[in-house]
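Note sheet for the following structure.
Convention: sequence-line order gives letters A, B, ...; per-chain numbering from 1. Only this structure's heavy atoms are used, side chains among them; waters, hydrogens and symmetry mates stay out.
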2 protein chains.
Amino acid sequence: MAPSPAPRGARTATLTDVARLAGVSVATASKALNGRNHVSAATRERVAEAAAQLSFSPNSLARGLLAGRTGTVGLLTSDLVGRFSLPILMGAEDAFGAGEMSVFLCDARGDAIRERHHVQALLSRRVDGLIVVGSSTDPRPPLAAAVDVPVVYAYAPSENPEDLSIVPDNVGAGRMAVEHLIACGRTRIAHISGDRGFSAARDRAAGALAALADAGLAPVGEVAYGTWQEGWGRAAAAMLLDREPDFDAVLCGSDQVARGVLDTLRERGRRVPEDVAVMGFDDWRVMTTGARPQLTSVDMNLEELGRTAARALFEAIGAEHGRGVRTVQCRVVVRGSTAPGT
Amino acid sequence: MAPSPAPRGARTATLTDVARLAGVSVATASKALNGRNHVSAATRERVAEAAAQLSFSPNSLARGLLAGRTGTVGLLTSDLVGRFSLPILMGAEDAFGAGEMSVFLCDARGDAIRERHHVQALLSRRVDGLIVVGSSTDPRPPLAAAVDVPVVYAYAPSENPEDLSIVPDNVGAGRMAVEHLIACGRTRIAHISGDRGFSAARDRAAGALAALADAGLAPVGEVAYGTWQEGWGRAAAAMLLDREPDFDAVLCGSDQVARGVLDTLRERGRRVPEDVAVMGFDDWRVMTTGARPQLTSVDMNLEELGRTAARALFEAIGAEHGRGVRTVQCRVVVRGSTAPGT
DNA sequence: AAAGGTTCCGAAAACCTTTTCGGATCGCCG
DNA sequence: CGGCGATCCGAAAAGGTTTTCGGAACCTTT
């Protein structure tokens with residue numbers, strides 16, 4: 001049996017219908033359904049029954065029109081296809097869903113025109129706030145249009161320091177990774193990074209070098225920048241083996257690079273983790289758990305970042321708006337490539 | 001310079017303001033801005049100027065309240081974290097964005113309670129339609145609540161054949177894959193599938209076997225079901241080499257399985273594609289392009305599936321609602337693992 | 001100059017809910 | 001029995017837009 005075959009055209013019940021059925025005025029019906037005072041228990045009951053019978057659902061548009069707040073926010077991503085938007089999105093959706101907020105999703109596809117268009121549409125829908133999710137951690141220009149609702153930038157900070165931005169702590173992540181390797185007893189550590197054009201690569205490298213210096217260690221070779229791909233990992237590992245064969249750990253710019261490094265190390269007869277420990281970045285499960293051995297990685301806590309952005313926006317709605325850049329801590333996820341037996 | 005520092009509290013301009021500034025009535029202002037007749041060119045110009053000056057943006061809530069249509073749709077996913085929702089989402093968002101529709105995103109996280117709650121919220125916001133995106137191609141129960149707007153199920157079809165569902169053609173995909181292998185001159189084809197519990201695995205196997213039979217060929221060994229992971233690919237390939245070493249192609253249930261198979265084949269001295277051709281499913285770029293050699297795969301065209309679902313919903317809004325299951329074609333993406341030199 | 005037609009504009013209703021405030025009813029006390 | 005307080009209910013306005021329809025002004029034609 002289909003669940004009450006959609007009565008198309010049968011205008012959905014309004015509060016007036018409920019009131020009529022319950023034999024009260026709309027005002028009373030409203031108060032009864034919203035738990036306001038000055039309604040007798042009996043009346044409240046009658047109204048509730050009537051509402052249930054008509055499967056009444058209050059029209060949020062009318063409510064929003066009156067209240068001046070809609071209970072909606074816009075989530076503007078610049079690149080949905082990218083791997084990093086999604087977890088942030090999930091975290092934000094999660095945090096808002098709990099707070100009775102609904103989320104408009106817009107993907108600008110990296111196009112400024114489309115972005116402006118989407119912002120206009122969202123403002124026209126009277127969203128209470130906006131989260132702008134970038135596709136890399138490099139700063140991005142602030143929204144072009146004049147926006148009269150709070151805006152929170154997530155992942156990619158705004159170039160305007162007056163805006164509120166939530167970003168992962170890549171420097172801390174690099175530091176954390178090296179500290180883990182040192183804790184595993186490694187001292188001859190090389191860093192095969194990703195694309196030098198990304199601040200994520202540079203920040204992680206900076207954190208890693210700082211942690212090495214703090215421990216009185218020098219890196220093995222230069223930081224090797226390339227791409228974020230497996231192929232670069234394979235090539236860079238080969239070069240490292242040729243030039244600086246005396247290393248006992250490799251910190252990689254991404255999980256994909258680490259996969260490539262693992263492949264080359266295995267082919268060249270180095271055992272992981274016995275001879276060489278290997279770490280990745282991003283903790284992309286499909287990459288880390290499919291690897292042999294499973295790959296230790298640094299999780300950027302993107303879902304938490306999304307939740308944080310959502311909470312920040314939520315606070316900014318109605319209250320005064322925060323400013324500046326806030327970071328979210330990363331965390332090391334230990335697997336077999338650095339610690340045997342895990 | 002910050003772009004006009006958000007004038008909080010400075011009530012956004014309304015049509016009344018525009019009308020006053022232009023020295024006309026709200027009715028005229030409305031008609032002027034919406035390109036209606038019965039407005040002189042001069043007046044239209046004056047109103048447009050006033051609107052621009054106040055950076056007027058019409059209140060969609062009021063408009064929706066009046067029109068009975070909001071220009072919004074709900075996108076209800078059951079599992080955002082899964083790899084398949086996202087491209088569908090993108091396709092849908094793309095198709096709707098072009099049509100001036102805005103998309104509410106909700107993730108039910110596979111929880112029926114949460115799903116019902118989200119549906120209620122969406123109906124309360126008076127969405128014009130609903131797309132329900134599943135996390136696997138297995139049929140799912142139809143929405144529990146009585147919904148009086150069109151619903152389209154994407155990826156996972158509804159169990160109710162009266163509903164409209166858009167799904168990938170997995171049988172056709174399996175057939176297509178085998179046909180490609182045969183076209184590459186292979187005749188001794190094995191199939192290492194994924195998790196038997198998924199209809200996607202069974203459908204692809206059925207299509208593959210049908211194509212083999214059509215070509216007068218028999219598969220090498222049984223269809224091997226396991227998981228969707230790399231580890232299963234490695235293990236299954238090893239077993240295949242032990243039991244039925246005489247094969248010249250392996251069709252894998254997923255790109256991850258194919259990665260595992262590639263690893264084992266390389267380690268056991270079989271060259272790809274010279275000795276053995278290997279194919280995956282899903283065309284997950286990070287898996288296929290990182291592999292050595294790059295992996296031929298079958299793309300399910302999920303983005304197109306999302307667009308198709310969006311278009312179907314769009315048509316159903318206002319018109320009569322379609323029924324039944326429609327499929328979207330898959331396509332083979334050829335890379336080095338089946339055809340050398342590509 | 002009057003009649004008729006054309007062109008443009010404005011008043012008002014409609015959409016649905018919430019809130020305010022005045023009015024009505026009832027019970028209780030003096 | 002009158003007055004008072006408490007309790008509950010309803011009329012009406014507000015929110016911003018679109019649409020309908022009546023009215024005003026102007027031009028053309030006889």
Give S40(B) one of three labels, base, sugar-phosphate or nothing, depending on what nucleic acid heavy atoms sit under 4.0 Å from its own. sugar-phosphate

Rounded off to whole Å, could you give me the CG-to-P distance for the L61(A) and dC16(C) pair? 10 Å

Give the rounded distance in Å between these two atoms: CG of L15(B) and P of dT19(D). 12 Å

Please determine, for the side chain of R63(B), which listed nucleotide (dT18(D), dG10(D), dG10(C)) has the closest atom? dT18(D)

Measure the distance from NE2 on H38(A) to P on dG22(C) and round it to the nearest whole Å. 14 Å

Pick the nucleotide of DNA chain D nearest each of V26(A) and V39(A); which residue has the one closer to the 5' end? V39(A)

Less than 3.5 Å apart, which donor and acceptor atoms pair up between the side chains of residues 47-56 of chain B and the rest of the protein, not counting sequence neighbours?
none

A27(A), nearest nucleotide to its side chain (from dT17(C), dA11(C), dA11(D)): dA11(D)

Looking at A156(A), is its backbone amide N or carbonyl O close enough to the side chain of R140(A) to form a donor-acceptor pair, meaning the two atoms are under 3.5 Å apart? no

S25(A) has a side chain; which of dG10(D), dC9(C), dG10(C) sits nearest to it? dG10(D)

Out of dT17(C), dT19(C), dT18(D), which nucleotide sits closest to the side chain of R36(A)? dT19(C)

Looking at the side chain of T14(B), which of dC16(C), dT17(D), dT18(C) is the nearest nucleotide? dT17(D)

Ion pair present between D163(B) and R323(B), side-chain N to carboxylate O less than 4.0 angstrom? no

Measure from CG on D17(B) to C1' on dG16(D) and round the result to the nearest Å. 10 Å

Any side-chain heavy atom of T137(A) sitting closer than 4.5 Å to one from V167(A)? no

Which nucleotide in the list dG15(D), dT18(D), dC21(C) gets nearest to the side chain of L65(A)? dG15(D)

With a 4.0 Å limit, can you tell me whether T43(A) has a side-chain N or O closer than that to the phosphate oxygens OP1/OP2 of dC9(D)? yes

Out of dT18(C), dC16(C), dG10(C), which nucleotide sits closest to the side chain of A62(A)? dC16(C)

What does S60(B) touch in the nucleic acid at a heavy-atom separation under 4.0 angstrom: a base, only the sugar-phosphate, or nothing? nothing

Using both distances under 3.5 Å as the test, list the Watson-Crick or G-U wobble partner of dA14(C), or none. dT17(D)

Select base, sugar-phosphate, or nothing to describe what N34(A) touches, counting heavy atoms under 4.0 Å on all strands. sugar-phosphate

Per the side chain to side chain donor-acceptor pair (under 3.5 Å) rule, what does the pair list look like for residues 76-88 of chain A, sequence neighbours excluded? T77(A)-D107(A)

Out of dC9(D), dG10(C), dG16(D), minimum distance to the side chain of K31(A) belongs to dC9(D)

To the nearest Å, give me how far apart CZ (R46(B)) and C1' (dC9(C)) are. 11 Å

L54(A) has an atom CG; how far is it from atom P of dC16(C), in whole Å? 14 Å

Side chain of S30(A) - closest among dC9(D), dC9(C), dT18(C): dT18(C)

Between C1' of dT18(C) and CG of N59(A), the distance in whole Å: 13 Å

Roughly, in whole Å, what's the span from CZ in R20(B) to C1' in dA11(C)? 16 Å

Of the nucleotides dC9(C), dC15(C), dT19(C), which one has an atom closest to the side chain of L66(B)? dC15(C)

Within the 4.5 Å heavy-atom criterion, are I113(A) and R116(A) side-chain neighbours or not? yes

